[in-house]
Every structure is written in C-alpha cells, then in structure tokens.
Amino acid sequence: CATAGAQMTAIEMDTIRATFEHLRHAGKAALMPYLTMGYPRRDSALSLVPALIEAGADLIELGIPFSDPLADGATIQAASQQALNNGVSLSLCLEQVAALRARGVHTPLVMMGYYNPIFQMGVEEFAARAAAAGVSGLIVPDLPPEEADGLRQAVHQRGIDMIFLVAPTSDNGRLRRVAEYSSGFLYLVSLTGVTGARDHLPPDLESFVMRARQATSLPLAVGFGISSPVQAARVARFADGVIVGSALIKAISATSDPVKTAHDFVAGLRAGMDHPEEV
C-alpha cells in the first residue's frame, strides 16, 4: 500500500526542476513562501498551503519546528516554539505533507529542517517516509554538504532534491563545490546573519547572484530578508526564485484570519514580481 501511494504521489507531483523550467520559459521568477508547520495552529498548513498556491506561489517551503533553530531570527524562532507547544513533530509534518498531496496539491513542497530530528528518526526511514508523503526537496541548514552524503544519497535515491545554502561570504570555489552537491536549485542567503524581514536589501546582492550564476547552471533562489513586493520585484529581476519567510510569518501572527492574510500577502508579492512597474 505504501509503495502504491508513493507511485501515485510521483505521478501527481510537479518537480522542482520542471517548475523552474516552466517559469524560465514564461520569463518569470519563482515565488516560494515559507511556513512553519504547526503554526499558528497544529493543522494550519492544511489550509495555508492551498491559499498560498491560489495566491500565486510556485513552490512552498515547509519548516519543521525545532527547539534550537540556529539559522532563524526571532520571528521564526517564536513560530517554531509555538508549533512545538502545539505538539508538532517531524512525523506529523510528514503526515501533513501526505494529506496535502491527497487533497490534490501538485506544487513542489520543500521541507526545511535541522538535522537532529532527521537523525533521531533515522536517515533511511526519514527518506522513505518523505518520499511516500510526497516531499519534493529538502533543506537542512545545519548540515554542511561535506557531511551530508548519507542523507543526500538516501533522498536522491527516492527522487527528492537536496538543496544547500551558500552565503555572500562564499568564494567562487566554495560556490562551485556546494552547487555540485545540490539539486533542484541553489539557495542563496542574501545576507550574513539569521532569517528576518529587513527594510533594505544588501547593495551587493545582485553581484552575489551573478557570481553564483557563473558557478552553476542550477536555478538560483534568494532568501533571508525579503519582506515586501518592492523587494521581491527587485530580486526577481536577477534571480530565478524569491523566498519569503519571516515577513509572511509576522503577517500571520498579527491577524485573526491567517488564511486570508497569508493569501493576500503572497498575492501582493506575486503582483509585485509580475508587474514591477506598478510597485
């Protein structure tokens, strides 16, 4: 039964590669909002993910709650802690991905989480369960590429992309090495520091993307610090993907209607990216 479910998922899912190729031919950048699973309520992802897709999201990044999210700033740390308080575990996150697929979600779902819960579950078991659930890609920010062979091979064997991050401080040699380990896309951290909405984008962000462009043919998605339609539109001019997390989580946290607020926030980002002359 599990095998049949995995085969069905593979047929129904849009792949990360196909999504970026389609958008490239359309002359558009991918919009990838981030949600912390289990926030604000235990089952919020089941209603938030479809709302984000309806609003124009091309891929969804799903954060696995963890007690010590060292790459994240205060906004996502607080969301992660609330999700843990709601009883959310890695197993429940995988169950919710499977539920989203069963409800007809085709959009690539990229899980982002720290290595400890995956290690505790067991690399092979996690990879098998993630594939059966319909996970498209995996980001593990505290696992360097050089130490990720076991997990990378386990997920690749099951058709899941392993995506690694590079920082603005990465030299050209490092960019090439990390890109060789990555599939799906390369995650460019826009700034030195943790996640969090910023008022201004780094002035050297475009040159960083251009350096990465020379190092790999993978799509390049930029995250950390993007918080408004204007910023998203700017990044979409030179990157293949725009990742927005903390600003969306902050908007959700400040409303009594998370689904509508999330939809409207992402629709605003999409409009800014598609019609930059209007923002």
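By convention here, the first residue in the shown sequence is residue 1.
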Any C93 side-chain heavy atom under 4.5 Å of L62 side chain: no

Verdict with reasoning, M32 to V244, per side-chain contact (heavy atoms from CB on, under 4.5 Å): CA-CA 6 Å; M32 188 189 311; V244 180; over 6 Å; no

Heavy-atom closest pair, residues A239 and A29: O-CB, 3.8 Å

ILVMFWY network linking L84 to V88, side-chain heavy atoms under 4.5 angstrom: no

From CA spacing to verdict: side-chain contact (heavy atoms from CB on, under 4.5 Å), M37, M111: CA-CA 10 Å; M37 299 195 78; M111 297 194 83; 4.2 Å; yes

Backbone of Y39 reached by a side-chain donor or acceptor of T36 within 3.5 Å: no

Y114 side chain near D68 side chain, heavy-atom distance below 4.5 Å: no

Point-to-point distance, once rounded to the nearest 0.5 Å, from CZ of R152 to CG of L143: 10.5 Å

Donor-acceptor pair, side chain of S227 and main chain of A247, under 3.5 angstrom: no

Within-4.5 Å side-chain heavy-atom neighbours: L35 and L52: yes

Donor-acceptor under 3.5 Å (T261 side chain, P258 main chain): no

Test item: L100 and T107 side chains (from C-beta on) under 4.5 Å apart, heavy atoms: no

Expected output: side-chain R103 to main-chain P50 donor-acceptor under 3.5 Å: no

Short side-chain to backbone donor-acceptor contact, R211 and P168, under 3.5 Å: yes

Trace of the side-chain contact (heavy atoms from CB on, under 4.5 Å) decision for I64 with M112: CA-CA 6 Å; I64 303 166; M112 181 172 183; over 6 Å; no

Cationic N near anionic O, under 4.0 Å, R270 to D58: yes

Evaluation steps, side-chain contact (heavy atoms from CB on, under 4.5 Å), between V259 and L48: CA-CA 5 Å; V259 173; L48 284 170; 4.2 Å; yes

Close side-chain approach of I226 and I243, heavy atoms under 4.5 Å: no

Minimum-distance pair of heavy atoms, taken over all atoms of A99 and L46: CB-CD2, 4.0 Å

Whether Q96 side chain and R42 backbone form a donor-acceptor pair below 3.5 Å: yes

same_hphob_cluster(V242, V230) at 4.5 Å side-chain heavy-atom cutoff: no

Pairwise distance CZ(R41) to CG(N86) - rounded to 0.5 angstrom: 9.5 Å

Salt-bridge present (E125, R129; N to O < 4.0 Å): yes

Pair K28 + D240, salt bridge at N-O below 4.0 Å: no

Any side-chain heavy-atom pair of T216 and R176 under 4.5 Å: no

Shortest non-hydrogen contact between L269 and P229, atoms and distance: CD2-N, 3.7 Å

Nearest heavy-atom neighbours spanning M162 and H156: N-NE2, 3.6 Å

Minimum heavy-atom distance G137-I160, with the two atoms named: CA-CG2, 3.7 Å

R101 (side chain) donor-acceptor with A133 (main chain) under 3.5 angstrom: no

F126 versus M121, closest heavy-atom pair with distance: CA-SD, 3.7 Å

L23 with I16, same ILVMFWY side-chain cluster at under 4.5 Å: no

Hphob cluster co-occupancy, L92 + L90, side-chain heavy atoms under 4.5 angstrom: no

Donor-acceptor contact below 3.5 Å, side chain S207 vs main chain D204: yes

Note, S228 side chain near Q231 side chain (heavy atom, < 4.5 Å): yes

Backbone of V166 reached by a side-chain donor or acceptor of S170 within 3.5 Å: no

Within the 6.0 Å centroid threshold, strictly below: F185 and F20: yes

Spacing of L188 atom CG and R213 atom CZ [to the nearest 0.5 Å]: 8.5 Å

Cationic N near anionic O, under 4.0 Å, E146 to R174: yes

Sub-4.5 Å side-chain heavy-atom contact between Y115 and V123: yes

Side-chain H-bond candidate by donor/acceptor type, N85 with Q81, under 3.5 Å: yes

Single-linkage hydrophobic cluster V140~F119, side-chain heavy atoms < 4.5 angstrom: yes

Donor-acceptor contact below 3.5 Å, side chain S182 vs main chain V178: yes

CZ/R17: more than 12 non-hydrogen atoms of other groups inside 6.0 Å: no

Side-chain ion pair, R158 and E124, N-O less than 4.0 Å: yes

